[in-house]
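First comes the structure, then the notes that go with it.
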Amino acid sequence: MAVTFDLFGTLVDVSYPTDPAEAVARELEARDVAVPDDWHVAYGERHVDAPEGAEVPLPAHVARALSSRGVDAPENVARHAVVAAFDPEVTVREGAHAAVRSAAERGPVGLLSNCSVPELVSRTLIRADLRGEFDAVVSSVACGWRKPHRKAFERVADELGVAPAALTHVGDDPTADGAVADLGGRFVDVTETPLARLPERLEAP
């Protein structure tokens with residue numbers, strides 16, 4: 001058995017910008033990018049044709065949104081702006097550290113997180129004092145697929161050296177995280193089973 005954890009809303013809470021388009025615009029302007037007048041409209045449009053379930057990195061979306069309005073900005077500039085706009089304030093949820101360490105006593109432990117912002121997962125783990133606690137860390141922006149797509153679960157299972165059916169995935173979203181059951185794995189919903197009770201749930205058949 002291997003245990004994987006969702007990150008946001010499961011192990012930590014983070015403060016997201018209330019207006020992401022505006023937050024990104026401020027960071028673009030700080031890097032001398034001319035933000036179009038209808039930026040909020042452009043930001044809300046679809047600019048990258050991706051397969052269903054695929055993750056579109058937010059910097060790629062931002063660069064294409066700018067390009068759609070005739071603004072040329074290198075993708076590395078868009079990346080720096082996005083990373084800065086989503087620089088997180090992190091609150092560790094009660095019982096998170098103990099839950100991860102308890103799971104590690106039973107076998108390999110991984111992290112599987114939906115996240116379109118580069119560096120956000122790694123920064124969050126550092127600020128939550130969770131860096132180094134996992135045998136594998138897979139984010140959708142890195143692997144290219146978002147939960148509930150099976151390829152996301154298959155990727156973390158492969159990195160942990162187990163079959164997807166051997167996963168017990170701990171998360172807060174029955175639609176995204178609960179899709180592990182479609183591959184034969186088990187889903188533990190933290191909205192029903194608090195992290196403090198995870199050890200006893202892992203012992204249950």
Taking the side chain as everything from C-beta on, heavy atoms only, tell me whether Pro59 gets closer than 4.5 Å to Pro118. yes
Crowding at CZ, Arg131 (>12 non-hydrogen neighbours, <6.0 Å): no
Begin with the C-alpha distance, continue with both residues' side-chain angles, and end with the deciding distance and a verdict on side-chain contact (heavy atoms from CB on, under 4.5 Å) for Val62 and Trp39. CA-CA 10 Å; Val62 168; Trp39 172 244; 3.9 Å; yes
Under a 4.5 Å side-chain heavy-atom rule over Ile, Leu, Val, Met, Phe, Trp and Tyr, are Val77 and Val56 clustered together? no
Which salt bridge (charged side-chain N to carboxylate O under 4.0 Å, His left out) pairs, counting each pair once, include a residue from residues 158-173, with sequence neighbours left out? Arg155-Glu159
Is it true that Arg150 and Asp182 make a salt bridge, defined as a side-chain N closer than 4.0 Å to a carboxylate O? no
Test your reading of the model: is there a side-chain donor-acceptor pair from His61 to the backbone of Tyr43, 3.5 Å cut-off? yes
Using a strict 4.0 Å threshold on nitrogen-to-oxygen distance, state whether Lys151 and Glu154 make a salt bridge. no
With a 4.0 Å cut-off on N to O distance, would you call Glu45 and Arg64 a salt bridge? no
Determine, using the 4.5 Å side-chain heavy-atom cutoff (strictly less than), whether Val162 and Val188 are members of one ILVMFWY cluster. no
Do Asp19 and His40 make a side-chain contact, defined as non-hydrogen atoms from C-beta onward lying under 4.5 Å apart? yes
Where is the tightest heavy-atom contact between Ala179 and Pro148, given as atom of each residue plus distance? CB-CB, 3.3 Å
Using a strict threshold of under 4.0 Å (side-chain N to carboxylate O), is an ion pair present between Arg127 and Asp87? yes
Are any of the side-chain nitrogens in Asp37 or Arg69 under 4.0 Å away from the carboxylate oxygens of its partner? no
side-chain contact (heavy atoms from CB on, under 4.5 Å) evaluation trace for His80 with Glu27: CA-CA 8 Å; His80 292 315; Glu27 296 297 339; over 6 Å; no
To check you understand the geometry: which heavy-atom pair defines the closest contact between Pro199 and Leu195, and what is its length? CD-O, 3.9 Å
Nearest heavy-atom approach of Leu160 to Ala2 is CD1-CB, 4.0 Å
For the OG1 atom of Thr91 and the CD atom of Glu89, what is their distance to the nearest 0.5 Å? 8.0 Å
Using atom types as modelled and distance alone, determine if a side-chain donor or acceptor of Lys147 lies under 3.5 Å from a backbone N or O of Leu112. yes
Can you see which heavy atom on Pro174 is nearest to which on Phe187, and at what distance? CA-CE2, 3.8 Å
Same hydrophobic cluster for Trp145 and Leu111, using side-chain heavy-atom links shorter than 4.5 Å among ILVMFWY? no
When rounded to the nearest 0.5 angstrom, what distance separates CG in Leu11 from CD in Glu94? 13.5 Å
Taking the side chain as everything from C-beta on, heavy atoms only, tell me whether Arg31 gets closer than 4.5 Å to Leu28. no
Quick test of your reading: applying salt bridge (charged side-chain N to carboxylate O under 4.0 Å, His left out), list the pairs with at least one residue in residues 49-63, sequence neighbours left out, ordered by first then second residue. Arg46-Asp49, Glu55-Arg146
Quick check for you: to the nearest 0.5 Å, what is the distance between Asn114 atom CG and Asp6 atom CG? 7.5 Å
Please walk me through it: do Thr4 and Phe153 pass side-chain contact (heavy atoms from CB on, under 4.5 Å)? CA-CA 9 Å; Thr4 53; Phe153 293 102; 5.6 Å; no
Check: Pro20 and Phe86 side chains under 4.5 Å, non-hydrogen atoms: yes
Identify whether Leu183 and Val3 are in the same connected component of the hydrophobic contact network (ILVMFWY, side-chain heavy atoms under 4.5 Å). no
Could you tell me whether a side-chain N or O of His97 sits under 3.5 Å from a main-chain N or O of Val92, the two making a donor and an acceptor? no
Got a donor-acceptor contact below 3.5 angstrom from the Ser140 side chain to the Cys115 backbone? yes
Side-chain donor or acceptor of Asp135 paired with backbone N/O of Gly110 under 3.5 Å: no
Less than 4.0 angstrom from a charged side-chain N to a carboxylate O is my criterion; do Glu119 and Arg79 meet it? yes
For Asp13 and Phe8, what are the C-alpha separation, side-chain angles and deciding distance, and is it a side-chain contact (heavy atoms from CB on, under 4.5 Å)? CA-CA 6 Å; Asp13 295 313; Phe8 305 108; over 6 Å; no
Answer whether the closest heavy-atom distance between the side chains of His169 and Arg186 falls below 4.5 Å. no
Flag, side chain of Arg93 to backbone of Gly9, donor-acceptor distance under 3.5 Å: yes
Going only through I, L, V, M, F, W and Y residues with side-chain contacts under 4.5 Å, is there a path from Leu198 to Leu130? yes
Using every non-hydrogen atom in the two residues, find where Val12 and Ala128 come nearest and quote the distance to one decimal. CG1-CB, 3.8 Å
Would you confirm whether Thr124, through its side chain, and Leu120, through its main-chain N or O, come within 3.5 Å as a donor-acceptor pair? yes
Could you check whether any side-chain N or O of Arg201 sits under 3.5 Å from a backbone N or O of Arg197, counting only pairs where one atom can act as donor and the other as acceptor? no
Please name the pair of heavy atoms, one in Ala73 and one in Ala63, separated by the smallest distance, quoted to 0.1 Å. O-CB, 4.5 Å
